[in-house]
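First the proteins, then the strands, lettered A, B, ... as listed; each starts at 1.
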2 protein chains.
Amino acid sequence: MSRTTLKDIAEKVGVSVTAVSRALSGYPDISEETRNRIFRIAEELNYQPNIAARTLVTQKSGVLGLFVLGREKGEGFSHPFSGQVINGFLDGLVEQGYDMMVFKANRPPDSGSSSYIDLCRRRMVEGAFLMGLRTDDPWITDLKSSSIPIVTMDMPLAGEMTFSVGCDNVSAVHAAVRHLADLGHTRISIVNGYTQASVSLERFEGYRSALDDLGLPFDPSLVAEADFTVAGGKEAFLTMIDRTPDITAVFAASDLMALGVLEGARELGLRVPKDLSVVGFDNIDMASMSSPPLTTLDQPRYELGRTAAKILISACNGDTPPSRVLLKANLIVRGSTSERNKGKSAKGVVRQAR
Amino acid sequence: MSRTTLKDIAEKVGVSVTAVSRALSGYPDISEETRNRIFRIAEELNYQPNIAARTLVTQKSGVLGLFVLGREKGEGFSHPFSGQVINGFLDGLVEQGYDMMVFKANRPPDSGSSSYIDLCRRRMVEGAFLMGLRTDDPWITDLKSSSIPIVTMDMPLAGEMTFSVGCDNVSAVHAAVRHLADLGHTRISIVNGYTQASVSLERFEGYRSALDDLGLPFDPSLVAEADFTVAGGKEAFLTMIDRTPDITAVFAASDLMALGVLEGARELGLRVPKDLSVVGFDNIDMASMSSPPLTTLDQPRYELGRTAAKILISACNGDTPPSRVLLKANLIVRGSTSERNKGKSAKGVVRQAR
DNA sequence: CCAAATTACTTAAACGTTAAACCTAATAGA
DNA sequence: TCTATTAGGTTTAACGTTTAAGTAATTTGG
């Protein structure tokens with residue numbers, strides 16, 4: 001026997017298919033008695049609506065799409081940051097009766113690959129949440145002119161139907177740098193992410209403005225750029241400290257890079273936080289477990305995902321949510337930062353270690 | 001203007017809807033010339049098939065479901081283990097033209113929540129992959145009698161349409177214990193996961209059989225049980241080492257618990273690996289970054305996910321894949337294990353530290 | 001040269017649902 | 001008492017696709 005349909009119930013109860021449909025959908029024009037009979041039989045036959053059929057006629061699928069872009073090595077799903085965001089997004093959308101479909105980013109836009117929007121259209125996806133979008137993504141223009149609502153993480157797009165969620169990176173980094181300055185550091189370097197991520201620009205802005213506000217001079221040789229990974233952070237740190245050995249503090253634009261800095265420092269014989277203070281960004285689980293545990297900026301990841309779902313759904317309902325929502329990232333002070341050690345500068349140690 | 005449909009193309013080309021459908025699907029009974037015209041117009045109108053309509057008539061949605069169960073704190077998506085498995089699963093299914101829908105596990109089976117299978121039926125999901133299923137899950141019997149193929153991770157179900165993927169836990173743990181024994185350890189303890197995970201039983205079996213094979217006596221007081229988390233592992237280790245301070249090696253059934261053991265050891269002043277050797281399980285990213293880096297069993301996570309997709313799809317196609325596929329977990333030796341230190345036993349250190 | 005087969009289509013039906021329009025009997029309002 | 005309304009339905013059509021069953025024109029085989 002195949003699946004039970006409205007027709008099966010209708011026949012068994014002795015009413016029309018429409019009556020069953022309306023009863024189950026809670027319309028008031030079905031008598032209390034028939035309604036009860038219908039529900040009983042539906043239960044008995046373990047009726048599950050065929051959502052494909054419903055979608056076809058209502059033109060609404062009840063599906064929201066998730067794109068986890070940049071899924072090479074250590075990115076995307078396997079990035080320690082993504083999990084909680086996705087959890088929040090999923091919870092937020094399930095609460096409103098939606099389901100989630102996950103799409104793989106088809107890398108080369110040349111061949112037969114479709115744009116994100118086209119992928120959505122086939123499945124009648126009502127809105128999409130994009131994580132890991134970069135400024136050089138080939139489908140950006142496509143997204144801007146989307147007719148379904150799009151929420152991006154960390155990357156405002158300025159389209160009619162595009163929205164974004166993210167942290168207030170500028171003030172977050174400002175706070176981190178201030179924290180380091182408060183501890184007496186004056187040679188504060190930044191290991192930033194690549195410029196194709198728009199957070200990188202914001203975080204740099206936070207760094208610059210903090211320096212200005214604190215009366216510290218800006219030195220371009222204290223700025224390094226990496227790819228948000230451990231290896232990249234380590235590499236960037238090592239070349240930078242070689243150039244400018246008088247650094248006593250590092251702000252890294254991701255915890256992974258901060259962990260890379262820690263690794264690099266260990267190799268050089270620098271003791272964190274005694275010789276070098278390190279601040280990360282994200283507060284991934286690993287951050288609290290490194291030695292020393294990382295001082296970092298906690299992004300409310302779950303809340304970010306949840307907010308994305310909220311915006312998407314309200315836009316789907318024809319409302320006009322704010323085009324950009326910024327949540328606050330909180331500085332969490334742990335063991336990787338401390339008062340600047342005036343006696344023994346990092347410089348000396350580095351010279352020794354080499 | 002709304003979406004382009006087959007009808008739009010048909011009118012513009014001057015053929016029937018069927019002709020367009022068949023041309024686009026590659027049937028041979030459309031002339032080369034009309035086919036080309038159809039393709040050109042379809043392209044021009046940026047036609048995207050309405051998959052809901054297709055699903056309705058073919059009774060196949062082209063969707064596979066993913067259930068990431070146990071999504072409390074640190075579990076599910078945010079578990080460092082899940083990401084790569086999901087990446088593999090997604091890649092495997094996209095390659096075959098499928099899409100992935102992710103379902104939230106509705107915890108209490110009492111209220112109005114539906115079984116995993118029912119969730120699938122509504123969306124005509126063709127098969128599902130379940131991660132994090134426990135032996136005490138309320139929907140187990142439902143799953144066993146499923147009419148759509150189900151692949152579980154790490155948990156064989158013995159149903160007509162159920163399959164499972166996982167690692168060969170028994171021989172993996174066997175290798176880990178042998179590694180410790182080879183280093184001279186004789187008091188080897190196990191911090192296992194909770195018994196509701198079937199891997200726990202298998203890992204315990206590996207532990208027992210290794211002990212037997214190596215001629216080491218089994219001592220129940222060297223067995224602890226925790227919840228796979230860092231905190232749980234630490235707690236379990238601390239109470240165990242208090243009871244039996246002569247332990248010189250620990251096998252933990254997850255890297256997170258192993259990291260907890262490391263933390264506990266640090267607090268007691270035990271030096272790893274000098275005073276205590278520790279082996280984990282999973283090879284999560286964190287494992288290589290702890291200090292010391294963890295010796296652990298590497299699960300081929302990506303491959304596990306990919307295999308799940310492969311099995312699911314072949315079962316969807318009416319084939320009969322093996323009901324259980326076990327991949328090999330490889331021992332990766334890092335800094336957390338070393339030769340047993342005969343001079344200074346852990347016992348002495350613990351006594352001192354307390 | 002005619003029947004049979006092939007080519008290139010078309011028509012009709014179906015998938016399971018919802019929405020709009022319609023209907024009938026009972027009830028309410030004047 | 002007659003009409004207007006309401007309650008409780010039913011009938012019909014539509015959503016966009018695929019598939020089975022035609023059909024007319026052309027080609028092939030003997």
Side-chain angles (χ1 to χ4, degrees), chain A residues 1-39 41-42 45-63 97 99 118 120-126, chain B residues 1-39 41-42 45-63 97 99 118 120-126:
Chain A
M1 86 235 152
S2 89
R3 316 184 21 157
T4 50
T5 70
L6 288 184
K7 198 174 157 203
D8 300 328
I9 302 178
E11 279 167 3
K12 202 150 184 186
V13 176
V15 293
S16 72
V17 168
T18 302
V20 179
S21 169
R22 297 183 70 80
L24 293 177
S25 309
Y27 282 74
D29 60 353
I30 304 292
S31 72
E32 187 70 14
E33 198 210 320
T34 354
R35 174 190 309 282
N36 286 340
R37 287 211 330 271
I38 290 173
F39 269 91
I41 304 290
L45 301 181
N46 189 23
Y47 171 72
Q48 299 293 333
N50 182 327
I51 302 199
R54 176 184 295 168
T55 298
L56 193 55
V57 42
T58 61
Q59 304 281 38
K60 305 208 140 228
S61 63
V63 172
D99 280 327
D118 285 348
C120 289
R121 289 208 308 156
R122 303 159 146 268
R123 293 275 180 193
M124 303 253 232
V125 168
E126 297 182 38
Chain B
M1 87 231 151
S2 89
R3 315 184 20 155
T4 338
T5 70
L6 288 183
K7 198 174 157 202
D8 301 328
I9 301 177
E11 279 166 4
K12 203 151 186 187
V13 175
V15 293
S16 71
V17 168
T18 301
V20 179
S21 168
R22 297 183 71 80
L24 294 177
S25 310
Y27 282 75
D29 60 353
I30 304 292
S31 72
E32 189 69 14
E33 197 211 321
T34 6
R35 173 189 310 281
N36 287 339
R37 288 211 329 270
I38 290 173
F39 269 92
I41 304 289
L45 301 180
N46 189 21
Y47 170 73
Q48 298 294 332
N50 182 327
I51 302 199
R54 176 184 294 169
T55 298
L56 192 54
V57 40
T58 61
Q59 303 282 38
K60 305 209 138 226
S61 63
V63 172
D99 281 327
D118 285 347
C120 289
R121 288 208 308 156
R122 300 159 148 268
R123 292 275 181 195
M124 302 252 231
V125 168
E126 297 183 37

Quiz prompt | Close approaches to DNA chain D from residues 53-61 of chain A, in residue order (heavy atom, under 4.0 Å) | solution = A/Leu56, A/Val57, A/Gln59
Quiz item: Would you say the side chain of A/Arg123 lies within less than 4.5 Å of the side chain of A/Val63, judging by non-hydrogen atoms?
Solution: no
Quiz prompt | DNA chain C: 5'-proximal contact among A/Gln48 and B/Val17 (nearest heavy atom) | solution = B/Val17
Quiz prompt | Within-4.5 Å side-chain heavy-atom neighbours: A/Val15 and A/Ile38 | solution = yes
Quiz item: Looking at residues at least two apart in the chain, or sitting in another chain, which of them share a salt bridge (Lys or Arg N to Asp or Glu O under 4.0 Å) with B/Arg22?
Solution: B/Asp29
Quiz prompt | Inter- and intrachain pairs under salt bridge (charged side-chain N to carboxylate O under 4.0 Å, His left out), touching residues 5-21 of chain B, at least two apart | solution = B/Lys12-B/Glu44
Quiz item: Say you draw a straight line from CG of B/Asp99 to CD of B/Glu126; how long is it, rounded to the nearest 0.5 Å?
Solution: 10.5 Å
Only pairs under 3.5 Å count here: list side-chain donor-acceptor contacts from residues 49-59 of chain A, not counting sequence neighbours, and write none if there are none.
unit_1  : atom_1 : unit_2  : atom_2 : d
A/Asn50 : OD1    : A/Ala52 : N      : 2.9
A/Asn50 : OD1    : A/Ala53 : N      : 3.2
A/Thr55 : OG1    : A/Ile51 : O      : 2.7
A/Thr58 : OG1    : A/Arg54 : O      : 2.8
A/Thr58 : OG1    : A/Lys60 : N      : 3.3
A/Thr58 : OG1    : A/Lys60 : O      : 3.3

Quiz item: Do you know which two heavy atoms are closest between B/Tyr47 and B/Thr4, and how far apart they sit?
Solution: CD1-O, 3.5 Å
Quiz prompt | Between the first and last five pairs of the helix from C/dC1-D/dG30 to C/dA30-D/dT1, the angle of the axes, rounded to 10 degrees | solution = 40°
Quiz item: Which nucleotide of DNA chain C is the first, and which the last, in the 5' to 3' direction, to come under 4.0 Å of a heavy atom belonging to chain A?
Solution: C/dG16 to C/dA20
Practice problem: Answer yes or no: is there a donor N or O on one side and an acceptor on the other, between the side chain of A/Ser21 and the main chain of A/Val17, under 3.5 Å? | Solution: no
Practice problem: Tell me which residues in residues 18-32 of chain A put a heavy atom below 4.0 Å from DNA chain C, sorted by number, or none. | Solution: A/Thr18, A/Ser21, A/Tyr27
Quiz item: Of all heavy-atom pairs between B/Ala19 and B/Ile30, which one has the smallest distance, and what is that distance?
Solution: O-CD1, 3.8 Å
Quiz prompt | Minimum heavy-atom distance B/Ser61-B/Met124, with the two atoms named | solution = OG-O, 2.5 Å
Exercise. List in chain and number order the residues that pass salt bridge (Lys or Arg N to Asp or Glu O under 4.0 Å) with B/Arg35, two or more places apart in sequence or in another chain; answer none if no residue qualifies.
Key: none
Self-check item: chain A contact limits on DNA chain D, taken 5' to 3' with a cut-off of 4.0 angstrom to heavy atoms
Solution: D/dG8 to D/dG16
Exercise. Answer yes or no: is there a side-chain heavy-atom contact under 4.5 Å between B/Leu24 and B/Leu6?
Key: yes
Quiz item: Between residues 7-15 of chain B and DNA chain D, which residues have a heavy-atom gap below 4.0 Å?
Solution: none
Quiz item: In chain order, what residues pass the side chain to side chain donor-acceptor pair (under 3.5 Å) check against A/Ser31, with sequence neighbours excluded?
Solution: A/Thr34
Quiz item: Who are the side-chain contact (heavy atoms from CB on, under 4.5 Å) partners of B/Asn46, not counting sequence neighbours?
Solution: A/Asp118, A/Arg121, B/Gln48
